[in-house]
There are 2 protein chains.
Amino acid sequence: MQKGEQTRASILHRAVSMASVRGFEGISIGRLASEAGMSKSGIFGHFGSKEALQLAILEFVVEDFKLNVIGPALREPTGETRLRALFANWLDWTGTELLAGGCPLVAASVELDDQPGDLRDSLVEQQESWLDCIRRMAQKAVAEGVFRDGLDTRQFAFEFHGIGLAFNFARRLLQDPKARTRADQAVDRLIQSAKA
Amino acid sequence: MQKGEQTRASILHRAVSMASVRGFEGISIGRLASEAGMSKSGIFGHFGSKEALQLAILEFVVEDFKLNVIGPALREPTGETRLRALFANWLDWTGTELLAGGCPLVAASVELDDQPGDLRDSLVEQQESWLDCIRRMAQKAVAEGVFRDGLDTRQFAFEFHGIGLAFNFARRLLQDPKARTRADQAVDRLIQSAKA
DNA sequence: ACAATATACGAACGTTCGTTCTATTAGTCA
DNA sequence: TGACTAATAGAACGAACGTTCGTATATTGT
């Protein structure tokens, strides 16, 4: 059977956009149904519960993130170049038309921080692996002698991620046209100080 | 009349905690009523609408922020000391028992970035003035010769704020015990690079 | 083409939501 | 103390929520 998976995917696509704008708690099966021109039960049947739908959304987003952010970066030369590509891909990705309301992972990070459950657990796991991905790339730069010996790469990842959060904030809430420039400048400074 | 304002304040206190945990959209008059041991209409009467309640919550939080974060910092000597106090106060404040679910302003920043209305407008205004507060303190340090001449103080504020966001993320989502150390270290680096 | 099954609908469920009324109680001021 | 008003309760509203169920319609594999 494939018709089902097809509509399931198109529902998910819509759901991701909705979650991006209204948050994970803000998606509703009823609204999703009317947007998709389907009945509530039609939507519901594809997932079995709202929580399962939310998990599917998260999984979908993470997959898209790996595909469009991490994957392309891994095809760049290691070290500084790869890290800069990772950062640029991340910021570009949050501007994708799929993510009409900005990075859902950033939004979920503050939305779910006090909501225990599978959804939160899954997000934590993903975000930890994201920080670890940054850390490993920085570690590689250390191994290659591009970054200084003894660099605290976890600290690097912490700050790297923080710049992305600041970008998201400036771009989406303040609608600051200089948000991207600011973020790039901050990363420049971070990388610079990782060298000396 | 003062009995009214008294209960209104105690309702708001509870509402702030609720918003801190569940977000601004997550507060409900019904739940607030049962927590406070009052009727829904009893709560409702104090505000007139849910949006007015949300605005009152935001106002309450901002007032508390000014009182406990900005105020004490202004009593410190200008320049680097004041900036460090501002940062420490900010991070400490987010650990207050009132703010059980972390900084509501950070949460609101990502929750409201796509929800046009008075609430968003009010938040944007507050956050812009927050960034401006940081900027002015940095500017003062420049004027005093502590920070280098020609420092981009808006950039400084962008990164300063970003470190706070990263702290919130590491602390609340990842429950990283080193979150505070990481944040302090990042600020050290920021201030250091503002000097040379 | 036929049987099997996946897919979707429509109606109804019990809750909860914000909001609006009408009373009744409690507090304040003369 | 008495008159007035503010404060709260309680019931009801229409709408939206997630979920369940029985039924009809497509789609599939043979």
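Since the model is a prediction, treat every value here as computed from it, not as a measurement. Letters A, B, ... are given to chains in the order of the sequence lines, protein chains preceding strands, and every chain is numbered from 1.
- What separates CZ of A:R8 from C1' of C:dA6 is a distance of 15 Å, to the nearest Å.
- Taken together through direct or relayed side-chain contacts under 4.5 Å among Ile, Leu, Val, Met, Phe, Trp and Tyr, B:L174 and A:L58 form part of one hydrophobic cluster.
- At a non-hydrogen distance threshold of 4.0 Å, A:G37, A:M38, A:S39, A:S41, A:G42, A:H46 from residues 34-50 of chain A come into contact with DNA chain C.
- Atom CD1 of A:I11 is separated from atom P of C:dC9 by 9 Å (rounded to the nearest Å).
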Checklist entry - Could you write out DNA chain D as a dot-bracket string, with dots for unpaired bases, | for bases paired across to another strand, and Watson-Crick or G-U pairs counted at under 3.5 Å? => result ||||||||||||||||||||||||||||||

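- Residues that satisfy the side chain to side chain contact (heavy atoms under 4.5 Å, CB included) test with A:R148, not counting sequence neighbours, are A:L151.
- With sequence neighbours excluded, the residues satisfying side chain to side chain contact (heavy atoms under 4.5 Å, CB included) with A:E25 are A:K50, A:Q54, A:E111.
- The side-chain heavy atoms of A:V69 and A:F87, taken from C-beta on, include no pair separated by under 4.5 Å.
- Atom CD of A:E51 and atom C1' of D:dC17 are 16 Å apart (whole Å).
- Between A:V62 and A:W130 the shortest side-chain heavy-atom distance does not fall below 4.5 Å.
- Looking only at side-chain heavy atoms (C-beta outward), B:D132 and B:E128 stay at 4.5 Å or farther from each other.
- Partners of A:S39 according to the side chain to side chain contact (heavy atoms under 4.5 Å, CB included) rule, which considers only residues two or more places apart in sequence or in another chain, are A:S41.
- Between A:Q2 atom CD and C:dT5 atom P the separation is 18 Å, expressed in whole Å.
- The nearest whole Å value for the distance from the CG atom in A:L53 to the P atom in D:dG18 is 9 Å.
- Against DNA chain C, the stretch residues 21-33 of chain B makes heavy-atom approaches under 4.0 Å through B:I27, B:S28, B:I29, B:G30, B:R31.
- Salt-bridge annotation for B:D92 and B:R180: present, with a side-chain N of the basic residue lying under 4.0 Å from a carboxylate O of the acidic one.
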Checklist entry - So A:D114 and B:R172, salt bridge (charged side-chain N to carboxylate O under 4.0 Å, His left out) or not? Walk me through it. => result CA-CA 8 Å; A:D114 289 301; B:R172 300 215 58 83; 2.8 Å; yes

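- Between A:E159 and B:R182 there is no salt bridge, since no side-chain nitrogen of the basic residue lies less than 4.0 Å from a carboxylate oxygen of the acidic one.
- Checked against the 6.0 Å centroid threshold, A:F158 and B:F167 do not count as a close aromatic pair.
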